[in-house]
Student: 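Can you read through this structure? Questions will come right after.
For clarity, every value in this text was computed on a predicted model and none was experimentally measured. So that the names make sense, note that chain A is the first sequence line, chain B the second, and so on, each numbered from 1. Only heavy atoms go into these numbers, but all of them, side chains included; no hydrogens, no water, no symmetry mates.
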Amino acid sequence: MQGRGRERTLLFIAFIYTLTGGVVLYLREPGESRMLAIAAAVVMFAAFMLLSITWQIKGVGYDQYITPIVSFLTGTGMVFLIRLKPAYGYRQLAWLVVGIAAFYLTTVLVYNYRLLADYKYVIALTGILALLLPIFFGIELGGAKSWLDLGVFNLQPSEFVKLLLVLFLGGYLVENRVLLHSGGDKKYFLPGLRQWGPLLGMWLVSLLVLVFQRDLGTALIYFATFLAMLYVATSRLLYILAGIVMFSIGGVAAYMAVGHVHTRVAIWLNPWLSAQGAGYQLIQSLYAINAGGIVGAGLDAGFPRFIPAVHTDFIFSAICEETGLFGGVGILLVFILLVYRGFKIALASRDDYSEILAAGFTALLGLQVFIIVAGVTKLLPMTGITLPFISYGGSSLVANFILAGMLLNISGETLQHEK
Amino acid sequence: MMLEILIFVLRTAFQVLIYAFIFVVIIYVVKDLRGTGQVVEVRRGQKIYQGQCYLKVEHAPGDSGLAGSVLPLGAETRMGRNPKSEIVLSEKVISNNHARIYFDQGQYWLEDLGSTNGTFLNGLPLSEPAVLANGDRIKIGDYIFRLVRWKNEVESDHRVRPGAT
């Protein structure tokens with residue numbers, strides 16, 4: 001039996017961290033809604049400790065860092081959400097409980113994840129259907145038409161389609177690895193249409209998402225994840241170059257044809273032209289990051305509420321304002337550690353499918369962080385996606401918990417073989 | 001006033017804890033890395049490099065269910081019909097204790113244990129223990145194994161080494 005002491009030590013530090021944040025919020029403004037951050041800290045600590053002990057008794061060799069890192073990031077998210085929009089606290093806490101349940105269920109039910117490789121076309125079909133639904137029945141929030149109104153809550157299917165995409169591509173790439181890899185050592189080998197097919201298909205799907213749902217960020221993530229997985233499977237730069245060229249063509253076409261995309265790029269190039277209009281959000285974000293300086297204004301001492309949508313897309317700006325460069329870099333480092341563990345799991349895995357799957361999930365997560373942080377700091381045009389585990393958003397939180405659960409599944413398999 | 005000092009302390013603690021968390025994770029991760037590739041103690045007191053080598057089953061009789069599987073190598077891996085062997089090969093032309101692969105002086109060695117029908121290394125019958133290299137093909141009865149060092153599946157040149165005459 002393998003000890004999981006490290007996991008519990010780290011969970012404890014994450015708990016103390018979230019608790020400290022929660023106590024600051026409560027002392028500043030005692031009230032019921034401000035208690036929620038403390039509640040979240042306790043709920044997460046109890047649930048994850050229980051899971052850690054269960055895993056130790058069962059003797060599964062899951063990675064010991066994923067759970068604490070996820071707990072740390074989610075704790076950060078809860079503290080800042082309750083500081084920014086206390087009204088959303090209850091909802092997010094409910095989603096957190098659902099997320100932890102989904103996390104646990106993923107490790108229990110999908111333990112035999114290799115079977116999923118046989119159902120790749122079913123998965124692909126489900127994914128495409130889930131993407132199409134909002135186009136016909138969806139509602140529009142924040143410029144992107146990608147939500148389904150389910151009465152009690154709104155669901156964003158594209159968050160879950162990301163996971164289906166990785167599962168499908170994993171199965172597909174393993175099956176066609178040899179074909180895609182053919183051509184031996186020739187550097188400029190061009191495979192036939194059968195190999196180009198999926199590349200074209202993915203390009204089209206990304207463009208459809210872009211045009212019909214006007215969801216720039218999701219389209220970018222789909223395509224970039226696809227390229228990353230293709231590279232892991234074939235280690236061929238040619239595919240990546242071809243992909244980038246194709247995406248650029250698609251991007252330019254979208255820039256010309258879709259007004260939404262055009263606006264975003266214009267804001268990125270010069271937000272000051274529309275400082276009171278479309279550029280207001282980005283300018284406020286930059287002001288907030290600047291106001292934070294090196295050490296930040298202190299938790300609950302800044303004025304990040306000037307930024308519209310600060311609790312979802314722009315939460316990173318609020319973190320930067322209140323904890324400064326210090327805290328912002330810290331959060332990014334935690335994400336880097338998560339990505340490091342993900343790739344480590346991919347490298348240690350014993351078969352191609354697990355390797356591609358772990359690398360795909362990790363790339364998905366890392367790219368998401370990169371794209372949104374680049375967006376709020378004006379490195380790239382702003383695309384409305386969530387910061388994993390931190391932003392407000394139920395679909396995103398649950399989907400990311402499932403992703404973390406899948407990484408644990410793959411790591412458990414690996415370590416058990418090594419014993 | 002007291003409250004403000006307390007809040008200030010807690011705020012600072014909140015930020016410091018971000019780095020405390022990162023610091024502890026990095027300490028653990030570095031410890032993990034130090035552990036990789038180091039010599040570890042395994043059964044029979046022999047030392048081997050962890051997770052360095054495995055046998056890939058390239059061909060096996062249809063009913064054995066072994067075809068395509070991957071068998072990690074330990075300090076000593078015995079092969080034969082004997083159910084106590086690490087790799088049990090149930091075929092009539094294979095002896096009870098047919099051959100073994102063992103780790104010695106930093107290398108894996110293949111030795112024929114006086115089998116009736118012989119052990120073949122890269123197509124040649126084995127007469128004395130021979131050092132195994134990545135990509136070597138071992139034939140026992142109808143089974144064909146290939147030695148793979150880590151994941152580095154490079155074709156080796158099938159040179160004849162001492163022992164395979």
Student: Is there a side-chain contact between A:R6 and B:K31, using heavy atoms and a 4.5 Å cut-off?
Tutor: yes
Student: Can you check side-chain contact (heavy atoms from CB on, under 4.5 Å) on A:F72 and B:L17, steps first, answer last?
Tutor: CA-CA 10 Å; A:F72 182 91; B:L17 277 165; 5.9 Å; no
Student: Find the distance between CZ (B:R11) and CG (A:L27) and round it off to the nearest 0.5 Å.
Tutor: 10.0 Å
Student: Under a 4.5 Å cut-off applied to non-hydrogen side-chain atoms, are B:F21 and A:Y17 in contact?
Tutor: no
Student: Does a side-chain heavy-atom distance below 4.5 Å link A:R341 with B:V25?
Tutor: no
Student: Tell me, for A:R28 versus chain B, whether the close heavy atoms (under 4.5 Å) come from the side chain, the backbone, both or neither.
Tutor: both
Student: Among A:V24, A:L333, A:I69, which residue has the highest count of heavy-atom pairs closer than 4.5 Å to chain B?
Tutor: A:V24
Student: To the nearest 0.5 Å, what is the distance between CD1 (A:I13) and CD1 (B:I18)?
Tutor: 13.0 Å
Student: Using heavy-atom distances under 4.5 Å, tell me whether A:T9 contacts chain B through its side chain, its backbone, both, or neither.
Tutor: side chain
Student: With a 4.5 Å heavy-atom cut-off, do A:K344 and B:L33 have their side chains touching?
Tutor: yes
Student: Please state whether the side chain, the backbone, both or neither of A:V79 comes within less than 4.5 Å of a heavy atom of chain B.
Tutor: side chain
Student: Is A:L10 close to B:Y28 at the side-chain level, that is, under 4.5 Å between some pair of heavy atoms?
Tutor: yes
Student: Any side-chain heavy atom of B:I26 sitting closer than 4.5 Å to one from A:L337?
Tutor: yes
Student: To the closest 0.5 Å, what do you measure between CG (A:D300) and CD1 (B:I7)?
Tutor: 8.5 Å
Student: Contact part of A:L19 toward chain B, heavy-atom cut-off under 4.5 Å: side chain, backbone, both or neither?
Tutor: neither
